[in-house]
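Take a look at the structure set out below.
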Amino acid sequence: MIRLPNILNGRLYCSHPSASSQPPNNKLFVAGLSWSVDEKSLNDAFSTFGQVTEVRIMYDKETGRSRGFGFVHFSKDEEANCAKDAMDGKAFLGRPLRVSFALEKVRGAPVVVPRLTGVGNGDK
DNA sequence: CTTGAGCGT
């Protein structure tokens, strides 16, 4: 029987004010996953510590298998810090889990291209 | 029946 901590009670049992080297983002980088782990498994595992808003696992576009790492978005940064401090270093599906804060890596983000309106010689 | 550090469209 799985006993879930009453996190919805507004009281996180893992609210440890541990000083983080990096600014706690609500985005967590989860690695060390097994090649058989799916998003729903991580969602169920990380939703135990907080409100998971997004779970993305990177899969290979050639073989279709999981790359072994993914990303978990939380509703609050404190929940992410809690889940990180709780699941980091722990074993998940037979493999040691490695959780850390995700970097601000965005490739598909639409960069605002400054349109040269009236700049320079708009004539001709 | 494959591998094992990492940072995403």
Side-chain angles (χ1 to χ4, degrees):
Chain A
M1 293 174 267
I2 305 179
R3 182 160 303 174
L4 298 179
N6 32 327
I7 57 181
L8 301 181
N9 203 10
R11 181 70 252 178
L12 296 178
Y13 69 96
C14 46
S15 298
H16 289 269
S18 303
S20 304
S21 314
Q22 302 177 2
N25 308 339
N26 48 332
K27 295 171 285 259
L28 282 185
F29 168 73
V30 185
L33 300 173
S34 183
W35 300 305
S36 307
V37 180
D38 45 85
E39 301 177 341
K40 61 187 294 293
S41 304
L42 279 181
N43 192 359
D44 182 76
F46 279 82
S47 58
T48 315
F49 303 95
Q51 263 285 323
V52 180
T53 59
E54 178 67 272
V55 176
R56 179 75 64 83
I57 297 186
M58 292 282 113
Y59 292 93
D60 189 90
K61 48 180 175 281
E62 301 297 324
T63 62
R65 293 173 182 167
S66 61
R67 295 185 182 181
F69 75 97
F71 296 90
V72 179
H73 293 241
F74 278 86
S75 180
K76 298 175 184 178
D77 50 352
E78 53 186 50
E79 297 176 337
N81 187 19
C82 164
K84 166 183 170 295
D85 187 76
M87 295 292 294
D88 183 33
K90 305 304 182 301
F92 190 69
L93 297 186
R95 273 291 181 178
L97 209 60
R98 306 183 1 166
V99 185
S100 48
F101 292 101
L103 306 177
E104 304 296 332
K105 273 286 194 65
V106 177
R107 193 187 296 179
V111 182
V112 181
V113 179
R115 206 171 304 258
L116 303 179
T117 51
V119 182
N121 193 1
D123 195 13
K124 182 28 167 75

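Note on naming: letters A, B, ... go to the chains in the order of the sequence lines (proteins, then strands), and numbering restarts at 1 for each one.
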Of A:Ala31 and A:Tyr59, the one whose nearest nucleotide on DNA chain B sits closer to the 5' end is A:Ala31
Between A:Ser34 and A:Glu54, name the one whose nearest nucleotide on DNA chain B is closer to the 5' end.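 Counting from the 5' end, the first nearest nucleotide belongs to A:Ser34.
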Just call it for [X]: base, sugar-phosphate, or nothing, with non-hydrogen atoms closer than 4.0 Å on any strand.
X       : value
A:Gly70 : nothing
A:Leu33 : base
A:Ser66 : nothing

Face-to-face stacking of A:Phe71 with B:dG8, centres under 5.5 angstrom, angle under 30°: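 Stack criterion met.
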By a 5.5 angstrom centroid cut-off and a 30 degree plane limit, is there stacking between A:Trp35 and B:dG4?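 Yes, the aromatic ring of A:Trp35 stacks with the base.
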In this structure, which one of A:Asp88, A:Leu33, A:Val37 forms a side-chain contact (heavy atoms from CB on, under 4.5 Å) with A:Leu97? A:Leu33
Consider only side-chain heavy atoms of I, L, V, M, F, W and Y, link residues closer than 4.5 Å, and tell whether A:Phe46 and A:Val55 are in one cluster.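 A:Phe46 and A:Val55: one cluster.
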In whole angstrom, what separates [X]'s [atom1] from [N]'s [atom2]?
X        : N     : atom1 : atom2 : answer
A:Ile57  : B:dG8 : CD1   : P     : 15 Å
A:Leu28  : B:dC7 : CG    : P     : 15 Å
A:Leu103 : B:dG6 : CG    : C1'   : 10 Å
A:Glu62  : B:dT2 : CD    : P     : 18 Å
A:Met58  : B:dT3 : CE    : C1'   : 19 Å
A:Phe29  : B:dG8 : CZ    : P     : 8 Å
A:Phe101 : B:dG8 : CZ    : P     : 18 Å
A:Asp60  : B:dT9 : CG    : P     : 11 Å

A:Arg65 has a side chain; which of B:dG4, B:dT2, B:dG6 sits nearest to it? B:dT2
Between B:dG4, B:dG8, B:dG6, which nucleotide gets closest to the side-chain atoms of A:Ala102?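 The nucleotide sitting nearest to the side chain is B:dG8.
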Do any N or O atoms from the side chain of A:Asn25 and from the backbone of A:Lys27 form a donor-acceptor pair under 3.5 angstrom? no
Look only at the side chain of A:Thr53 and the backbone of A:His73, and say whether a donor-acceptor pair between them is shorter than 3.5 Å.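 It does hold such a pair.
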Less than 3.5 Å apart, any donor N or O on the side chain of A:Asp38 or A:Ser41 sitting next to an acceptor on the other? yes
Ignoring backbone atoms, establish whether A:Arg98 has a side-chain N or O less than 4.0 Å from OP1 or OP2 of B:dG6.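 Answer is yes, contact under 4.0 Å.
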